Amino acid sequence: MYDWANSVYSLVITSTIFPIYYASVTATKDGNNLVNFFGTHITNTVLYSYSLSFSFLILAVLLPGLSGIADYSGNKKGFMKFFAYLGSASCAALYFFKGANVEYGIACSVMASIGFGGSLVFYNAYLPEITTPENYDKVSAKGYAMGYIGSVLLMIVNLMMVQNKEWFGFNSDPNSFLGDPTLPPRVVFVTVGLWWFGFSQITFFRLPKGTSRPKDGNVIAKGFQELLKVWRSLKFLPKTRNFLIAFFFYDMGVQTIMYLAATYGSDRLKLDSGVLIKSILVIQVVAIGGAYLFAWVSKLRGNIFSLSFMIILWIFVCVSIFFVNIGDTNLVIEFEGIALLVGMVMGGIQSLSRATYSKLLPETEDHASYFSFYDVCEKVCIVLGTALFGFMQQQTGDMRNSVWPLLVAFIIGIIALQSANSSKLKAQKENN
């Protein structure tokens, strides 16, 4: 149910309505995309890429220590609540972003991103505590599937609110409060915050708080000691360590495409917002089936085989994106075809990565500390991926060239994954 609660952020804020709204309200009528950000003039889409990088850099710095503290204090749920409430409140606060106050809008989007990513560290760490290893793939897939279903339901309402605003009491009189063209999308941001906050209460009511340990010292110092203990243990867990390396690279490509697909479609391909939103909705629906499909494939052929097959499909996605151009007569069909493929592998690779890592953990109570390495890998790879994406666009003047670093990341990821598959488990068994 927490996937159900927070996935609306991923769909509405990072993938569809907010990026399109942001690009629209920060561009001038003559098509100038430069914005003044604290005295610095920068392309609006480049600024958005860098803001995502910054938010995940903050998470990468903070979360290792916080996860260790959470394990030592036995209060994973408390930390999870803090970040969930921070994220939901920041989404709602985007109501006051109208374009001219670009610094405020970027600050709210950064805080929402920190809330989303921060809560997931502690949420993911619950997987080994609420089910058994033979059910990790299935339960992880169910979580992502619930997230896709919940986010699509709210997204449908949000689309009606934006495209049929009269149904919700808005009008077209620019001189009235209800006629402000920015009002419907700003109300959408409030609904995201309320949905996230409201449905997360189901999760917080049912999840256990955790068991605290005797406080024989400073809880912050003990928290970092927990983190150091996990770091040292990785040298005795070669398969776990090699999987984290592989995950770092292939997830760099996955996350960057997910966060910047709508920006690429609107800025580089000049696609209509209706086409973009429709394509991303298709991705969410198809991803439900993808999560279950690859959980089934992993049961038949193993997790590493299933992950490797999906990475090959992601490589094909990157190549396809590069060769899709504005002048193509079948541009919309090509883009929607790529969206179908992305949806199929997006749900599968996310849920199976989380489940695979859970299977590779030793018997321990320090789940948050171990998952901090998983999530730090994810946060740092997003920092590098989105920063490289923005840098390549800034240096070459063509967003299409930003695809190549992602392609390289996928290739390195699949090579490292094969190394993880061939790692000997003797040291891991001894450590267990």
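Values below: all heavy atoms of this structure, side chains included; hydrogens, waters and symmetry mates excluded. Remember, predicted model here, so these are calculated numbers, not experimental data.
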At what distance, to the nearest 0.5 angstrom, does CG of L417 lie from CZ of F410?
12.5 Å
Counting N and O atoms only, with roles assigned by atom type, does the side chain of D398 sit under 3.5 Å from a partner on the main chain of N401, one being a donor and the other an acceptor?
no
Apply side-chain contact (heavy atoms from CB on, under 4.5 Å) to the pair E336 and V282, showing each step before the final yes or no.
CA-CA 8 Å; E336 290 178 346; V282 168; over 6 Å; no
Heavy atoms of M252 and L406 approach each other most closely as O-CD2, 4.3 Å
Consider only side-chain N and O atoms of D251 and S353, and report whether a donor and an acceptor are under 3.5 Å apart.
no
Give a yes or no answer on whether the side chain of E103 reaches the backbone of F38 with a donor-acceptor pair at less than 3.5 Å.
yes
K76 to F122 six-membered ring, cation-pi geometry met (6.0 Å, 45°):
no
Using a distance-only test with no angle check, is there a side-chain donor-acceptor pair under 3.5 angstrom linking Y250 and Q255?
no
For L86, does its backbone N or O pair with a side-chain atom of S90 as donor and acceptor, under 3.5 Å?
yes
Flag, side chain of S200 to backbone of F197, donor-acceptor distance under 3.5 Å
yes
Count the heavy atoms belonging to other residues, nucleotides or ligands that lie under 6.0 Å from CZ of F322, then report whether that count exceeds 12.
yes
Hey, what's the ring geometry for F199 with W195, parallel, tilted or perpendicular (30° and 60° as the breaks)?
tilted
Donor on one side chain, acceptor on other, Q394 and T43, under 3.5 Å:
no
Of all heavy-atom pairs between F116 and S10, which one has the smallest distance, and what is that distance?
CZ-OG, 3.1 Å
If every non-hydrogen atom of Y2 is compared with every non-hydrogen atom of T203, which pair is closest and at what distance?
N-OG1, 3.1 Å
The test is side-chain contact (heavy atoms from CB on, under 4.5 Å); show your working for I42 and L34 and say whether it passes.
CA-CA 5 Å; I42 185 171; L34 288 178; 5.6 Å; no
A quick test of your reading: do over 12 heavy atoms of other residues, nucleotides or ligands sit less than 6.0 Å from CZ of F96?
no
Inter-residue atom distance M155.CE - M161.CE, 0.5 Å rounding
11.5 Å
Establish, yes or no, whether a centroid distance under 6.0 Å links the rings of Y85 and W196.
no
Heavy-atom donor-acceptor pair, S49 side chain to T45 backbone, under 3.5 Å
yes
Hey, is the main chain of A84 close enough, under 3.5 Å, to the side chain of S119 for a donor-acceptor pair?
no
Is there a side-chain contact between V12 and F18 in this structure, where contact means two heavy atoms from C-beta onward sitting under 4.5 Å apart?
no
Compare every heavy atom of C108 with every heavy atom of L94, then report the nearest pair and how far apart it is.
CD2-CB, 3.5 Å
Under 3.5 Å side-chain donor-acceptor pair for T26 and N33
no
Report the residue from L341, V345, L407 that forms a side-chain contact (heavy atoms from CB on, under 4.5 Å) with W314.
V345
How close do S298 and D137 get, heavy atom to heavy atom, and via which atoms?
OG-OD2, 3.1 Å
Regarding D180 and R186, does a basic nitrogen lie under 4.0 Å from an acidic carboxylate oxygen?
yes
Decide side-chain contact (heavy atoms from CB on, under 4.5 Å) for V380 and F56; before the verdict, give the C-alpha distance in whole Å, the side-chain angles of both, and the deciding distance to 0.1 Å.
CA-CA 7 Å; V380 175; F56 286 105; over 6 Å; no
Quick check on K77: does its NZ atom have over 12 non-hydrogen neighbours (other residues, nucleotides or ligands) under 6.0 Å away?
yes
Give a yes or no answer on whether the side chain of N135 reaches the backbone of T131 with a donor-acceptor pair at less than 3.5 Å.
no
So, the side chain of S151 versus the backbone of L11: is there a donor-acceptor pair under 3.5 Å, distance only?
no
Proximity of F247 and Y357 rings by center, below 6.0 Å
no
If you draw a 6.0 Å radius around CZ in F309, do more than 12 non-hydrogen atoms from other residues or ligands fall strictly inside?
no
Could you check whether any side-chain heavy atom of F189 comes within less than 4.5 Å of a side-chain heavy atom of F97, counting everything from C-beta outward?
no
Spatial distance of atom CD1 (I414) from atom CD1 (I304) [nearest 0.5 Å]:
10.5 Å
Looking only at non-hydrogen atoms, find the nearest pair between V342 and I283 and report the distance.
CG1-CD1, 4.1 Å
Within a radius of less than 6.0 Å around CZ of F316, do more than 12 heavy atoms belonging to other residues, nucleotides or ligands occur?
no
Criterion side-chain contact (heavy atoms from CB on, under 4.5 Å) against V254, the qualifying member of I349, V317, I311
I349
Is the backbone N or O of A387 less than 3.5 Å from a side-chain atom of S53, with the two atoms forming a donor-acceptor pair by type?
yes
Any chance you could measure F294, atom CZ, to Q350, atom CD, to the nearest 0.5 Å?
13.0 Å
Keeping S7 on the side-chain end and D3 on the backbone end, is there a donor-acceptor pair under 3.5 Å?
yes
